[in-house]
Participant: 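Pasting in a structure now, in structure tokens, and then I'll have a few things to ask.
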Number of protein chains: 2
Amino acid sequence: MKKDHIIFLIGRIQYKANRFLSQEMKAHGIKGLAPSHGEILGYLMARGPLPMSGIGRIIDKDKSTITALVNKLIRIGYVEKKRDPADSRISLIALTRKGMALKPSFLLIAQKLRAHSYKGVLDDERETLVNLLDKINANL
Amino acid sequence: MKKDHIIFLIGRIQYKANRFLSQEMKAHGIKGLAPSHGEILGYLMARGPLPMSGIGRIIDKDKSTITALVNKLIRIGYVEKKRDPADSRISLIALTRKGMALKPSFLLIAQKLRAHSYKGVLDDERETLVNLLDKINANL
DNA sequence: TGTTAATAGTTTGATATGAAACTCTATTGC
DNA sequence: GCAATAGAGTTTCATATCAAACTATTAACA
């Protein structure tokens with residue numbers, strides 16, 4: 001029976017991780033943001049400007065959701081939208097100066113989440129875990 | 001870097017599992033239900049009547065969310081609410097006949113999800129996976 | 001080259017979700 | 001016994017999310 005509970009466990013972990021991230025962002029003075037917003041900002045920090053479709057592909061949410069999320073980030077001032085000169089259907093989303101300023105906090109928060117969740121988990125166990133999750137992710 | 005992506009992977013897997021469950025429920029003629037509703041029904045099938053607070057504890061959602069979810073299940077007719085005679089603060093939620101009739105479909109769907117997601121994963125790997133996820137879940 | 005199909009985003013409407021304030025009941029401490 | 005506190009649910013409000021229909025632009029192809 002026990003090994004049937006992976007999906008259940010995964011749901012719980014995600015829920016708790018989200019709660020953790022929300023709390024930490026708030027503690028760093030980043031308020032009013034959901035984890036999805038953080039995820040978008042994180043990817044922009046790592047990869048530079050991205051089109052809406054690219055963001056959607058990465059965070060795996062409906063494109064209308066991306067529109068809403070990015071609009072909020074624009075409203076707050078963390079992000080700006082530019083027309084792609086080569087293809088005017090495309091909007092490129094880029095961090096503003098205010099958005100870039102969040103990077104140090106984000107790195108700290110990500111590190112803290114990792115430290116918490118992996119407490120007592122060995123390096124090769126993490127490796128195993130990622131490989132198994134990768135396989136399941138590919139199966140679905 | 002790769003082993004830092006567990007939370008990311010978990011999010012994707014949960015998203016896909018939810019999509020899978022929604023599709024399967026629809027295919028079985030169970031329409032208009034979100035995975036959370038299915039989760040509640042599944043627990044009622046397994047454990048019998050539960051108080052709202054118990055449901056909340058199991059599926060780890062806010063009590064106001066539980067109220068909304070259960071109300072919908074009542075409206076559709078899968079579930080009914082009874083006062084606990086011993087403690088009138090408590091509402092006991094129980095499956096109706098119509099709700100119980102869903103059980104065979106639910107078992108099939110759960111089995112299909114497991115078969116899909118675990119394709120190519122050995123039994124002892126599943127064991128390992130659950131143990132590691134358990135640890136992370138406890139850490140958070 | 002002009003029509004059709006594909007792609008990028010947005011809008012609209014519905015729903016799940018959470019937070020905070022509130023009601024009602026039970027329990028606890030004096 | 002009675003006041004204060006805790007517990008179970010609900011209501012209200014705000015927001016993330018998805019699906020479907022829509023607009024606008026580019027690509028395909030005949």
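Here the structure is a predicted model, which is why all the values come from computation and not from measurement. The sequence lines fix the lettering, A, B, ..., with proteins before strands; numbering per chain opens at 1.
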Participant: Remember a base hit wins even if backbone is also touched, and classify B/T65 as base, sugar-phosphate or nothing at under 4.0 Å, heavy atoms.
Facilitator: base
Participant: Considering only heavy atoms, which members of residues 19-29 of chain B lie under 4.0 Å from some atom of DNA chain D?
Facilitator: none
Participant: Among the candidates D/dT10, D/dT25, D/dT17, find the nucleotide nearest to the side-chain atoms of A/L69.
Facilitator: D/dT17
Participant: Students often get this wrong, so: under 4.0 angstrom with heavy atoms, is B/K63 touching a base, only sugar-phosphate, or nothing?
Facilitator: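 Answer is base: heavy atoms of B/K63 come under 4.0 Å of a base.
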Participant: Measure from CZ on B/R83 to P on C/dT23 and round the result to the nearest Å.
Facilitator: 17 Å
Participant: Is A/S88 touching bases, backbone alone, or none of the nucleic acid, heavy atoms closer than 4.0 Å?
Facilitator: sugar-phosphate
Participant: Between A/T67 and B/A34, name the one whose nearest nucleotide on DNA chain C is closer to the 5' end.
Facilitator: A/T67
Participant: Check every atom of D/dT10, D/dT15, D/dT17 against the side chain of A/K72 and return the nucleotide holding the closest atom.
Facilitator: D/dT15
Participant: With heavy atoms under 4.0 Å as the rule, sort B/I66 into base, sugar-phosphate or nothing.
Facilitator: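 No contact.
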Participant: Expressed as a whole number of angstroms, how long is the span from A/I55:CD1 to C/dT10:C1'?
Facilitator: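 So the two atoms are 15 Å apart, to the nearest Å.
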Participant: Quick one: label A/D87 by what it contacts on the DNA or RNA (base, sugar-phosphate, nothing), any heavy atom closer than 4.0 Å.
Facilitator: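 Sugar-phosphate, backbone atoms only, no base.
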Participant: Determine the contact category for B/S64: base if any of its heavy atoms lies under 4.0 Å from a base atom, sugar-phosphate if only primed atoms, P, OP1 or OP2 are that close, otherwise nothing.
Facilitator: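 If one applies the 4.0 Å heavy-atom cut-off, B/S64 turns out to touch a base.
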Participant: With a 4.0 Å cutoff (strictly under), does any side-chain N or O of A/Y15 reach OP1 or OP2 of C/dT17?
Facilitator: no
Participant: Step by step, would you call A/S36 with A/K61 a side chain to side chain donor-acceptor pair (under 3.5 Å)?
Facilitator: CA-CA 9 Å; A/S36 293; A/K61 299 248 155 70; 3.2 Å; yes
Participant: Going by the angle between their ring planes, with limits at 30° and 60°, are A/Y43 and B/F8 parallel, tilted or perpendicular?
Facilitator: perpendicular
Participant: Using atom types as modelled and distance alone, determine if a side-chain donor or acceptor of B/T67 lies under 3.5 Å from a backbone N or O of B/K63.
Facilitator: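 Yes: the side chain of B/T67 pairs with the backbone of B/K63.
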Participant: May I have the distance from A/L73 (atom CG) to D/dA16 (atom P), rounded to whole angstrom?
Facilitator: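 These atoms are roughly 9 Å apart.
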